[in-house]
Amino acid sequence: MPLASKTVAIFGGGIAGASLARRLSRDYPVTLVDPLDYFEVPMSAPRSLVAPNFAEPAIIPFPEALPTVRHIRGRLIEWSTDAANVQHIDGHTSTLSSDVSVLATGSRFSSPLVRSEGGTLEERKAFYSRFHFRLLQARNVLIVGGGPIGIEIAGEISETFPDKRLTVLEAGPRILGGTSPKLAAHAQRVLAERGVAVIVNERLVGRQPTDDLFGTEGEAETDRGRTLSYDLLLWCIGGRPNTAFMRSQHPELLDSAGRIKVDRSLRVCGQSSVFAIGDITDLTENKMAWHVQGQVKVAEANIRSVLEGRSDGFKHYKAKTNDPTMVVTLGSRAGVSHLPGLGLVTAGWLNRMAKSAHMLIPKYRKALGVPKADVLTHEIGIRETAAARER
Ligand SMILES: Cc1cc2nc3c(=O)[nH]c(=O)nc-3n(C[C@H](O)[C@H](O)[C@H](O)COP(=O)(O)OP(=O)(O)OC[C@H]3O[C@@H](n4cnc5c(N)ncnc54)[C@H](O)[C@@H]3O)c2cc1C
């Protein structure tokens with residue numbers, strides 16, 4: 001039970017916000033604002049698209065993940081140094097005040113494939129089932145974006161549905177631009193062996209990303225005059241910071257990419273009791289949960305200092321600039337990674353152990369203190385897929 005009367009408000013209950021809420025709520029009253037009614041392990045999404053039951057242990061209702069945290073289902077719509085305005089799920093707005101505020105609203109993507117912008121746990125699970133059915137019907141899938149998300153989705157689809165035609169279109173000079181060329185080359189080789197076509201240095205023209213995943217077949221043109229036909233088009237670009245709430249009152253606190261400027265103590269620049277953590281910060285490192293966990297520890301210590309009235313001795317966070325650590329899955333049995341101390345790892349068994357088998361669901365269930373759950377094996381997913389095909 002909380003020991004103190006000082007209060008903490010956390011905006012965003014993803015990896016950063018939920019982990020921090022869990023830790024601070026042991027000693028302080030914490031209010032969490034998030035439009036969702038659940039926490040979802042983000043890494044699991046590519047697998048849940050091909051095996052919807054995989055989402056079962058990956059999606060945890062907030063009351064189970066954060067039982068002592070007060071959850072407001074809503075969205076931070078405007079933040080200023082005086083007030084945090086929240087729009088609740090029923091449309092009404094209110095102002096939330098607290099002794100410490102934490103901004104942790106993460107990233108938004110071009111489509112709901114890997115992240116829903118709102119909704120309930122039931123709606124998210126229904127989305128995976130509906131998408132899975134759509135995928136079963138598709139023969140020719142075009143994935144736009146060769147970053148980790150596009151490549152992991154290509155890995156899942158090519159493993160589970162080897163008979164589908166799959167093309168990845170990447171505007172940059174290579175796939176997986178955020179990590180090393182060697183890692184990218186290995187991933188491309190594995191995909192090529194599965195018959196996946198990867199096109200680089202070309203982008204779609206005359207089209208905007210759309211969240212309509214259930215549209216009809218069509219043709220797409222690239223800036224090099226190539227025509228690509230498809231019957232399922234998946235936009236896997238994006239990863240933009242959710243910081244619209246800062247734009248009207250404090251644009252000076254955003255960098256040119258819309259990320260929030262933080263100091264070494266992870267406080268919003270110039271603010272003594274407002275912190276920002278996770279994907280929305282201007283820290284120069286890959287936007288990854290791997291790094292977020294270090295930020296959460298520093299922010300927790302510093303928030304405790306603020307709540308205890310201390311004005312010095314704050315911990316500092318050092319951005320992991322140019323750290324190539326990354327695990328990219330290519331289905332449930334393959335992957336490629338850069339691991340600390342090991343460097344490039346291509347062995348299937350090691351990547352399976354690190355992420356591909358479980359997509360980090362057990363790690364984040366443990367971090368949130370929820371009981372272990374059977375992480376369905378991909379083999380079960382494949383059997384379900386086969387059964388669905390029969391029907
Ligand atoms: C498919 C996929 C695979 C990944 N794989 C890996 C991996 O293997 N390893 C790794 O280290 N990282 C991985 N990442 C990256 C990692 O998930 C992110 O870096 C991490 O989730 C960032 O945490 P966050 O809390 O900042 O943001 P998020 O996890 O994006 O959470 C943000 C939360 O804020 C809420 N929110 C949004 N707007 C508002 C608002 N206005 N008001 C209130 N709440 C709001 C959202 O609903 C959400 O719950 C992966 C990401 C994806 C999508």
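Starting from 1, each residue takes its place in the sequence as its number. Numbering of ligands and ligand atoms starts at 1, following listing order.
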- Identify, with sequence neighbours excluded, every residue that meets salt bridge (charged side-chain N to carboxylate O under 4.0 Å, His left out) alongside E40.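 In terms of salt bridge (charged side-chain N to carboxylate O under 4.0 Å, His left out), with neighbours along the sequence ignored, E40 is linked to R124.
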- Item | Shortest heavy-atom approach to atom 44 (N) of ligand 1 - which of P35, P148, G17, S337 |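 It is P35 that holds the nearest heavy atom.
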- Heavy-atom proximity to atom 33 (C) of ligand 1, best of G278, A289, A244, G14: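 Considering heavy atoms of G278, A289, A244, G14, the nearest to atom 33 (C) of ligand 1 sits in G14.
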Numbered atoms and elements of ligand 1 in range of [X], under 4.0 angstrom, heavy atoms:
X    : result
N242 : 37 (C), 38 (N)
R75  : 38 (N), 40 (C), 41 (N), 42 (N)
I149 : 1 (C), 53 (C)
W290 : 10 (C), 11 (O)
D279 : 18 (C), 19 (O), 20 (C), 22 (C), 26 (O)
V33  : 43 (C), 44 (N)
P46  : 1 (C)
G13  : 33 (C), 34 (O), 49 (O)

Quick one about [Y] and [X] (side-chain donor to acceptor, distance below 3.5 Å, no hydrogens or angles considered), yes or no?
X    : Y    : value
R224 : T222 : no
H186 : Q188 : no
N242 : T105 : no
Q295 : K320 : no
N85  : T93  : no
E78  : S248 : yes
S94  : H88  : yes

Would you mind telling me if ligand 1 is within reach of the side chain of [X], the backbone, both or neither, using heavy atoms under 4.0 Å?
X    : result
A16  : both
K355 : side chain
L36  : side chain
V114 : side chain
A104 : backbone
R115 : side chain

At what distance is the nearest protein heavy atom to [atom], and which residue and atom is it?
atom                    : answer
atom 42 (N) of ligand 1 : L76 N, 2.9 Å
atom 36 (N) of ligand 1 : T105 O, 3.7 Å
atom 23 (O) of ligand 1 : I15 CB, 3.7 Å
atom 3 (C) of ligand 1  : M43 CA, 3.8 Å
atom 15 (C) of ligand 1 : K287 O, 3.8 Å
atom 17 (O) of ligand 1 : P42 CG, 3.3 Å
atom 27 (O) of ligand 1 : G106 CA, 3.2 Å
atom 48 (C) of ligand 1 : D34 OD2, 3.4 Å

- Query: Hey, is the main chain of R108 close enough, under 3.5 Å, to the side chain of R240 for a donor-acceptor pair?
  - Reply: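 Side chain of R240 to backbone of R108: no pair is present.
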- Message: Using a 3.5 Å distance criterion without hydrogens, assess whether the side chain of R365 forms a donor-acceptor pair with backbone atoms of P57.
- Response: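 Yes.
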- Sub-4.0 Å protein heavy atom near atom 1 (C) of ligand 1: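 It does: a protein heavy atom is found less than 4.0 Å away from atom 1 (C) of ligand 1.
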- Would one find more than 12 heavy atoms of other residues, nucleotides or ligands at under 6.0 Å from atom CG of N322?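 Incorrect, the count does not exceed 12.
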- Task: Could you walk me through whether F314 and R264 pass the side chain to side chain contact (heavy atoms under 4.5 Å, CB included) test, one step at a time?
- Result: CA-CA 9 Å; F314 288 94; R264 291 185 302 170; over 6 Å; no
- Verify side chain to side chain contact (heavy atoms under 4.5 Å, CB included) between V100 and V102, making sure each step is shown before the conclusion. CA-CA 7 Å; V100 166; V102 184; 4.3 Å; yes
- Do R115's NZ or CZ and the ring of F109 fall within the cation-pi criteria of under 6.0 Å and 45°?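 So R115 doesn't make the cation-pi contact.
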- Tell me whether the guanidinium CZ or amine NZ of K125 lies under 6.0 angstrom from the six-membered ring centre of Y128 and within 45° of its axis.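 No.
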